[in-house]
There are 2 protein chains.
Amino acid sequence: MSRNYHHGALAEAMVDQALADVRVQGAEHVSLRSIAQTLEVSPSSAYNHFADKDDLLRAVGACGLAALDERMARVLAAHPADNPDAARARFSGLGRAYLAFAIDETHLFQLTFGPICAVQEIPPEDTGPYNKLTTALDDLDRWQLLKPGIRSDLDLMVWASTHGMATLLVEGAVPPESVDAFIDSMARLVFIEGALSAAEGR
Amino acid sequence: MSRNYHHGALAEAMVDQALADVRVQGAEHVSLRSIAQTLEVSPSSAYNHFADKDDLLRAVGACGLAALDERMARVLAAHPADNPDAARARFSGLGRAYLAFAIDETHLFQLTFGPICAVQEIPPEDTGPYNKLTTALDDLDRWQLLKPGIRSDLDLMVWASTHGMATLLVEGAVPPESVDAFIDSMARLVFIEGALSAAEGR
DNA sequence: GCTCCTATGTTGACATTGTTCACATGAGAT
DNA sequence: ATCTCATGTGAACAATGTCAACATAGGAGC
């Protein structure tokens, strides 16, 4: 009652608060009512902006995807792909960024790629994480750093690997220390012999 | 009241019913009360056998893991690893079994590897899916079918890949048709050149 | 500047859920 | 036959998602 939200900012405020709550408790334990209470707003006001609790959570999941994409974009920006070393650094850096996101933002990661936020199939004109991976692989291919004959469907393979490793990290099935082993193993699989640097990534 | 469960079978009955419910509605939408109601039992009776709703769900998740393991065991039993072709078939077959489980039992897969059932780190004497993968890789190595130098940490890599692909399938991020592309890509990465068979697996 | 409409927030209510506590009861050991 | 403990019951509580009827503020149109 102190502040009233008759200025259209409630939707954003709820997403922000939900995002904060998801970060600390995980999506399973956030409650519409407590969000409303924190914002000093009636529980039912949410239904003017979101069809559903899940609808709100989907908005939070979209924030998660955006955060991941931003991390990956930063990696690309840091390494202009104008030489082989940078191309390798891009590739490994993208992987590390993905895994770091999973480790740092476990709950957000789980929501973003969980059952609530159905990830739609990647559209051709996508500019998100998947597209960034594809361009990194194209760069590697252009510099002839990939083992011969493996380029086709490599996007799917690398995406699945990295996403799977992230999931295993998040579930605690694998300790964070094994990230290096994973990245090394990946490098051994895809890079031509002799092109392995001692410390992949950064 | 018709049948009373004073014979100790309630725990199993609840797990069975919960398993059935998870299969159709997904773990997020199963309710202790409705399970009790189906079994014609009081809601609170569950607490004589399970600490918690999550405790019951963890039992269901264990069933899921067992079902997955059984599928993989069937693959190993079907291909005695006494020749190179069989060793390759084992490897690809295990991958296909994992992915088939994810596709057939989406909800159970999500529960088994979801936040509720924290997957503990793999113990050294494990005999489950991870161990089966390791032995399949050892077989490939013994027959010298792997590209040189990639064996170390390959378990982690292959596990992550397959698990990640399964997750992508379950989330709908990738259509079931791409399983073949995934398996082929995997084969291109790990098998020595010339050892690729036209139809990996079966 | 007045009026009306629509977007937005409130009140109160309902059904459902997980969980607990005090109590009943039945089967097996003594 | 009695005692005891494991197991199931009944009633209750707090919390949650959701909805329908209602209030109101602030801008659009005159």
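Residue numbering restarts at 1 for every chain, and letters A, B, ... go by the order of the sequence lines. Please read these numbers as outputs of a predicted model, since none were measured by experiment.
For the pair B/Leu32 CG and C/dT19 P, the interatomic distance rounds to 7 Å; values are reported in whole Å. Taking atom CG on B/Leu39 and atom P on D/dT7, their separation rounds to 16 Å, with Å as the unit. Atom CZ of A/Phe50 and atom P of D/dT16 are 18 Å apart (whole Å). Between A/Gln37 atom CD and C/dT10 atom C1' there is a gap of 15 Å when expressed in whole angstrom units. One interatomic measurement links the two molecules: CD of A/Glu40 to C1' of C/dG9, which rounds to 14 Å at whole-angstrom precision. A straight line from CD of A/Glu12 to P of C/dT8 spans 12 Å, rounded to a whole angstrom. Taking atom CZ of residue A/Arg33 and atom P of nucleotide C/dG12, one finds them 13 Å apart after rounding to whole Å. Residue A/Ile35 contributes atom CD1, which lies 8 Å from atom P of D/dG17 at whole-angstrom precision.
More than 12 heavy-atom neighbours from other residues, nucleotides or ligands sit within 6.0 angstrom of CD on B/Gln25.
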Worksheet item: Passes side-chain contact (heavy atoms from CB on, under 4.5 Å), A/Leu169 versus A/Thr106? Steps please.
Response: CA-CA 9 Å; A/Leu169 286 166; A/Thr106 301; over 6 Å; no
Worksheet item: Hey, mind stepping through A/Arg188 and B/Met157 against side-chain contact (heavy atoms from CB on, under 4.5 Å) and telling me if it holds?
Response: CA-CA 11 Å; A/Arg188 270 194 298 272; B/Met157 182 69 210; over 6 Å; no
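For B/Tyr47, the side-chain atoms get nearest to C/dT19 when compared with the rest of C/dT19, C/dG9, D/dT9. Side-chain atoms of B/Pro43 lie closest to C/dT19 of the nucleotides C/dG9, D/dT18, C/dT19. Listed candidates were C/dT8, D/dT9, D/dG17. Nearest to the side chain of A/Asn48 is C/dT8. Of the listed nucleotides (D/dT18, C/dT19, C/dG9), C/dG9 has the atom at the smallest distance from the side chain of A/Leu10. Here C/dT19 is the nucleotide among C/dT19, D/dG8, D/dT18 with the atom lying nearest to any side-chain atom of B/Lys53. Listed nucleotides D/dT7, C/dT17, C/dT11 differ in distance to B/His49; the shortest reach to its side chain belongs to D/dT7.
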Under 3.5 Å between N/O atoms: give me all the protein pairs with nucleotides 21-23 of chain C, atom names plus distance.
none

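Every residue two or more places apart in sequence or in another chain that forms a side chain to side chain contact (heavy atoms under 4.5 Å, CB included) with A/Arg33 is listed here: A/Ser31, A/Pro43. Take A/Asp180 and apply the salt bridge (Lys or Arg N to Asp or Glu O under 4.0 Å) test, not counting sequence neighbours, and it matches A/Arg96.
Each of A/Ala51 and A/Ser34 was matched to the nucleotide of DNA chain D holding its nearest heavy atom; the match closer to the 5' end belongs to A/Ser34.
Contact check of residues 15-31 of chain B against DNA chain C (heavy atom, cut-off under 4.0 Å) returns B/Val30, B/Ser31.
We find the CG-CZ distance between A/Leu137 and A/Arg90 to be 11.5 Å, quoted to the nearest 0.5 Å.
Tested against A/Asp141 for a side chain to side chain contact (heavy atoms under 4.5 Å, CB included), the candidates A/Leu154, A/Ile150, A/Leu146 yield a single pass: A/Leu146.
A/Met14 has its side chain out of reach of A/Gln17: every pair of non-hydrogen atoms, C-beta onward, lies at least 4.5 Å apart.
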Which atom pairs, one a donor and one an acceptor, fall under 3.5 Å between side chains of residues 69-78 of chain B and the rest of the protein, sequence neighbours left out?
unit_1  : atom_1 : unit_2   : atom_2 : d
B/Asp69 : OD1    : B/Lys132 : NZ     : 2.9
B/Asp69 : OD2    : B/Lys132 : NZ     : 3.3
B/Glu70 : OE2    : B/Arg74  : NH1    : 3.3
B/Glu70 : OE2    : B/Arg74  : NH2    : 3.4
B/Arg71 : NH1    : B/Asp104 : OD2    : 3.1
B/Arg71 : NH2    : B/Asp104 : OD2    : 3.2

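Listed by first then second residue, pairs satisfying ring-ring contact (aromatic ring centres under 6.0 Å, His included) with a partner in residues 110-130 of chain A read A/Phe109-A/Phe113, A/Phe113-A/His163, A/Tyr130-A/Trp159, not counting sequence neighbours.
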